[in-house]
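Just so you know, these numbers use all the heavy atoms, side chains as well, and skip hydrogens, waters and symmetry mates.
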Amino acid sequence: MLVSLQEAAAAAELGEVPVGALVVHDGVIIGRGHNLRESSNDPTSHAEMIAIRQAAATLGSWRLLDCTLYVTLEPCVMCMGAIILARIPRLVFGCRDPKVGAVGSIYNLSQDERFNHRVDVTEGVLGETCSELLSDFFRQLRAKRKKASGQDRNS
């Protein structure tokens with residue numbers, strides 16, 4: 001999870017929402033990613049999606065059967081769909097996403113019996129640190145926006 005936090009920090013440096021993800025196979029990182037939606041203008045450029053694509057390319061297979069995905073924030077519906085379709089057996093995440101989380105916050109796709117694959121989930125790993133990173137990012141973003149709007153009025 002510490003490396004996922006480094007990925008999240010890289011996203012924040014780019015002005016992206018600080019979410020980082022890793023795919024690990026046999027103790028080796030085979031995919032990594034951080035949010036790039038803003039810089040790529042691609043709504044699918046979530047950290048998890050980037051890490052999953054890299055991992056599949058590394059293994060030469062879309063089936064990531066013996067892998068674990070580590071991510072700083074609870075995955076959304078799109079990312080949980082990719083996790084399920086990639087057959088990733090284990091997900092470890094830091095903090096919940098009460099607005100769009102699909103591993104228990106809004107939906108729980110990881111255990112939905114209508115799918116042919118379930119995902120073993122461990123949550124809360126470095127959760128406070130992951131949550132603080134997001135909170136700090138959004139606090140700074142609001143302050144920048146407030147300052148920019150105040151400067152516009154004074155011009």
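Cluster note: Val100 groups with no other residue, as no ILVMFWY side-chain heavy atom lies under 4.5 Å from it. With a 4.5 Å cut-off between side-chain heavy atoms of Ile, Leu, Val, Met, Phe, Trp and Tyr, the cluster of Leu36 takes in Leu14, Ile50. The other residues sharing a hydrophobic cluster with Met78 are Met49, where clustering joins ILVMFWY side chains under 4.5 Å apart.
Among all heavy-atom pairs drawn from Pro89 and Cys67, the shortest one is CD-O, 3.2 Å. For Glu48 against Leu73, the heavy-atom pair with the smallest separation is OE2-O, 4.0 Å. The two residues Ala21 and Val71 make their nearest non-hydrogen contact at CB-CG2, 4.0 Å. Across every non-hydrogen atom of Leu85 and Trp62, the tightest pair is O-CZ3, 3.1 Å. The shortest non-hydrogen separation linking Val103 to Glu74 is N-OE2, 2.8 Å. Between Pro98 and Ile106, the shortest heavy-atom contact is O-CD1, 3.3 Å.
Leu126 and Ile29 fall within the same hydrophobic cluster, where Ile, Leu, Val, Met, Phe, Trp and Tyr residues are linked whenever their side-chain heavy atoms come under 4.5 Å apart, directly or through other members. Put simply, Leu5 and Phe138 are part of two different groups of oily side chains (I, L, V, M, F, W, Y) that touch within less than 4.5 Å, one to the next. Under a hydrophobic-cluster definition in which Ile, Leu, Val, Met, Phe, Trp and Tyr are linked whenever side-chain heavy atoms come within less than 4.5 Å, directly or via other members, Leu65 and Val121 are assigned to different clusters. Transitive grouping of hydrophobic side chains (ILVMFWY, heavy atoms separated by less than 4.5 Å) brings Leu109 and Val19 into a common cluster. Taking hydrophobic clusters as Ile, Leu, Val, Met, Phe, Trp and Tyr residues chained together by side-chain heavy-atom distances below 4.5 Å, Ile30 shares a cluster with Leu91.
Using a 4.5 Å cut-off on side-chain heavy atoms (C-beta onward), Gln54 and Val23 make no contact. Residues Asn35 and His46 form a side-chain contact, since some pair of their non-hydrogen atoms from C-beta on lies under 4.5 Å apart. In this structure, Thr72 and Leu133 have side chains that are not in contact, with every pair of non-hydrogen atoms separated by 4.5 Å or more. Between Ile88 and Val119 the shortest side-chain heavy-atom distance does not fall below 4.5 Å. With contacts defined as side-chain heavy-atom distances shorter than 4.5 Å, the pair Leu134/Phe137 does not qualify.
One distance of note links OG of Ser149 with NZ of Lys144; it measures 14.5 Å at 0.5 Å rounding. To the nearest 0.5 Å, the span separating CZ on Phe115 from OG on Ser110 amounts to 10.0 Å. Going from atom OG of Ser105 over to atom NZ of Lys99 covers 12.5 Å, rounded to the nearest 0.5 Å.
Thr68 pairs by the side chain to side chain donor-acceptor pair (under 3.5 Å) definition with nothing, not counting sequence neighbours. With sequence neighbours left out, Glu123 forms a salt bridge (Lys or Arg N to Asp or Glu O under 4.0 Å) with Arg96. Among residues two or more places apart in sequence or in another chain, the salt bridge (Lys or Arg N to Asp or Glu O under 4.0 Å) test is passed with Arg114 by Asp112. Partners of Asp66 according to the salt bridge (Lys or Arg N to Asp or Glu O under 4.0 Å) rule, which considers only residues two or more places apart in sequence or in another chain, do not exist here. Partners of Arg145 according to the salt bridge (Lys or Arg N to Asp or Glu O under 4.0 Å) rule, which considers only residues two or more places apart in sequence or in another chain, do not exist here. Applying the side chain to side chain donor-acceptor pair (under 3.5 Å) criterion to Ser131, with sequence neighbours excluded, gives no partner residue. Asp120 meets the side-chain contact (heavy atoms from CB on, under 4.5 Å) test with Arg90; sequence neighbours excluded.
Listed by first and then second residue, the salt bridge (Lys or Arg N to Asp or Glu O under 4.0 Å) pairs involving residues 2-23 are Glu7-Arg32 (not counting sequence neighbours). Residue pairs meeting the salt bridge (Lys or Arg N to Asp or Glu O under 4.0 Å) criterion with at least one member in residues 50-62, sequence neighbours excluded, do not occur.
Counting only distance, with no hydrogens or angles, the side chain of Ser4 and the backbone of Tyr70 share a donor-acceptor pair below 3.5 Å.
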